[in-house]
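So the structure is just underneath, and the comments pick up after that.
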Amino acid sequence: MKPVSINLALQGGGAHGAFTWGVLDRLLEESWISYDGISGTSAGAMNAVMLAEGWRKGGRAGAREQLESFWLAVASSDLSIRLPEQLEGAVARFWLHAMRYLSPYDLNLLDINPLEELLKKEVCFEKLRQDSPFKLFIAATEVATGKLTLFNERELDLPHLLASACLPNIHKAIEIDGAYYWDGGFSGNPAVFPLIYECVADDVLIILLQSLQRDNLPVSAEHIAARVTELGFQSTFMREMRAVTHIRKYSSGSRWRQGWSERKVNGMRCHLLESDPLLEGLDGSSKYDNSKQFLTGLMESGREAGERWLSTHSTDLGKRESCDLKTLFS
């Protein structure tokens with residue numbers, strides 16, 4: 001295959017991010033694919049940073065090792081006693097219900113976040129800032145304004161990564177330079193525009209953890225609540241991609257309408273790797289399941305999805321888009 005450089009946009013989704021781990025693991029086996037920029041939100045941000053940190057330490061093989069090390073560390077941090085499946089689901093649903101009425105300022109007075117110590121062990125942020133192999137765009141949401149904030153590889157530190165994955169019903173807001181931040185999914189999941197405007201590569205592969213379309217109407221209270229949450233985390237991405245299609249529609253065919261910005265949008269080649277049927281069948285509580293069996297199972301599903309995508313669309317990279325933006329987002 002002819003060498004090609006691409007950008008990655010990695011969606012968030014809690015423990016479901018292990019699926020993206022599997023996709024990336026499969027992509028990293030292809031030596032003809034290199035990477036320019038990576039945009040990540042929440043779990044997608046974790047995968048983006050692990051990919052960059054591993055590549056910094058050991059190239060392509062190092063990236064695979066780092067991703068595996070991170071997700072297995074997430075699994076090993078599960079110290080709870082495993083309950084019977086039926087009871088476990090009931091307890092998870094109870095806590096998801098309780099979190100609607102109790103905040104982390106009530107329940108987590110010491111602001112304990114197991115991810116903090118884990119990340120300190122897995123990533124040397126100082127060295128990554130000095131020698132990141134890729135451009136990084138880590139999304140977080142400023143609580144006061146609701147605006148999307150993107151932290152780049154030159155400034156990235158532990159609080160920025162924690163902010164990207166800070167769910168307000170579980171953790172206290174992360175303070176950075178006097179401002180407070182929550183999960184980046186509220187404002188960009190994932191953010192695509194920096195990959196268009198700040199990267200050289202024209203190909204953007206977007207790895208999604210949520211389906212773009214649900215066929216079944218949610219009717220139970222649990223399924224309605226889950227769908228409302230999904231819509232909240234996906235609406236910004238949908239609006240951004242719709243804006244891309246509109247720019248193309250109104251600027252194509254008329255060179256006088258195309259400034260630098262329009263040319264960049266029109267030059268982007270978009271590729272989607274949509275969520276697996278396995279993910280679509282999981283309930284919301286599974287995003288908090290960090291058991292090794294669950295995470296490695298998602299990883300294997302991700303590898304299979306990556307294999308299917310490559311077998312169908314690898315020849316599109318560097319040449320054409322592999323998805324119809326007009327149909328999907330107009």
Looking just at side-chain N and O atoms, do [X] and [Y] make a donor-acceptor pair shorter than 3.5 Å?
X    : Y    : value
S5   : Y35  : no
H160 : D157 : no
S251 : N266 : yes
D203 : H271 : yes
Q210 : Q234 : yes

To the nearest 0.5 angstrom, please state how far the [atom1] atom of [X] sits from the [atom2] atom of [Y].
X    : Y    : atom1 : atom2 : value
T245 : F329 : OG1   : CZ    : 8.5 Å
K292 : S76  : NZ    : OG    : 9.0 Å
L136 : R154 : CG    : CZ    : 10.0 Å
M299 : L72  : CE    : CG    : 9.0 Å
C270 : I206 : SG    : CD1   : 4.0 Å
L205 : D316 : CG    : CG    : 11.5 Å

>> If you apply the rule side chain to side chain contact (heavy atoms under 4.5 Å, CB included), what do you find for L10 with M46, and how did you get there?
In response: CA-CA 9 Å; L10 309 180; M46 302 295 162; over 6 Å; no
Side chains of [X] and [Y]: does their closest heavy-atom pair fall under 4.5 Å?
X    : Y    : result
V265 : Y197 : yes
L150 : F193 : yes
K135 : I38  : no
H171 : L162 : no
F186 : T236 : no
L328 : C323 : yes
K2   : W32  : no
L128 : E153 : no

Heavy-atom pair of closest approach, residues [X] and [Y]:
X    : Y    : result
A173 : V143 : CB-CG2, 4.3 Å
L195 : L8   : CD1-O, 3.4 Å
S164 : G40  : OG-O, 4.2 Å
L148 : A139 : CD1-CB, 3.7 Å
N47  : W71  : OD1-NE1, 2.9 Å
T315 : R320 : O-NH1, 3.7 Å

> Is any NZ, NE, NH1 or NH2 atom of the basic residue among D131 and R56 found under 4.0 Å from an Asp or Glu carboxylate oxygen of the other?
Replying inline: no
> Between E307 and R303, is the closest basic N to carboxylate O distance under 4.0 Å?
Replying inline: no
When you measure from the side chain of [X] to the backbone N and O of [Y], does any donor-acceptor pair fall under 3.5 Å?
X    : Y    : result
E53  : C124 : yes
E240 : F237 : no
K264 : C199 : yes
T41  : G188 : yes
R129 : E155 : no
D202 : R269 : no
R26  : G302 : no
D36  : I6   : no
R60  : S34  : no

> Is the centre of the F151 ring less than 6.0 Å from the centre of the Y181 ring?
Replying inline: yes
> Once the angle between the rings of H246 and Y250 is folded into 0 to 90°, is it parallel (under 30°), tilted (30 to 60°) or perpendicular (over 60°)?
Replying inline: perpendicular
With clusters defined by side-chain heavy atoms of hydrophobic residues (ILVMFWY) lying less than 4.5 Å apart, directly or transitively, does [Y] cluster with [X]?
X    : Y    : value
L231 : I224 : no
L272 : F19  : no
L115 : L295 : yes
I174 : L118 : yes
L119 : L51  : yes

> Can M50 and V123 be said to form a side chain to side chain contact (heavy atoms under 4.5 Å, CB included), step by step?
Replying inline: CA-CA 8 Å; M50 295 307 148; V123 181; 3.5 Å; yes
> Could you walk me through whether R64 and E29 pass the salt bridge (charged side-chain N to carboxylate O under 4.0 Å, His left out) check?
Replying inline: CA-CA 9 Å; R64 295 183 67 192; E29 292 180 344; 3.3 Å; yes
>> One pair to check against side chain to side chain contact (heavy atoms under 4.5 Å, CB included): L209 and L298. What are the steps and the verdict?
In response: CA-CA 11 Å; L209 297 178; L298 284 181; over 6 Å; no
>> Strictly by side chain to side chain donor-acceptor pair (under 3.5 Å), give each pair with a member in residues 6-24 just once, sequence neighbours left out.
In response: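 Those involving residues 6-24 are H16-S286.
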> Can you list the steps and then say if T141 with K147 is a side chain to side chain contact (heavy atoms under 4.5 Å, CB included)?
Replying inline: CA-CA 6 Å; T141 304; K147 292 181 180 179; over 6 Å; no
> For R242, does the CZ atom have more than 12 heavy-atom neighbours from other residues, nucleotides or ligands under 6.0 Å away?
Replying inline: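 No, because the 6.0 Å sphere around CZ of R242 holds 12 heavy atoms or fewer from other groups.
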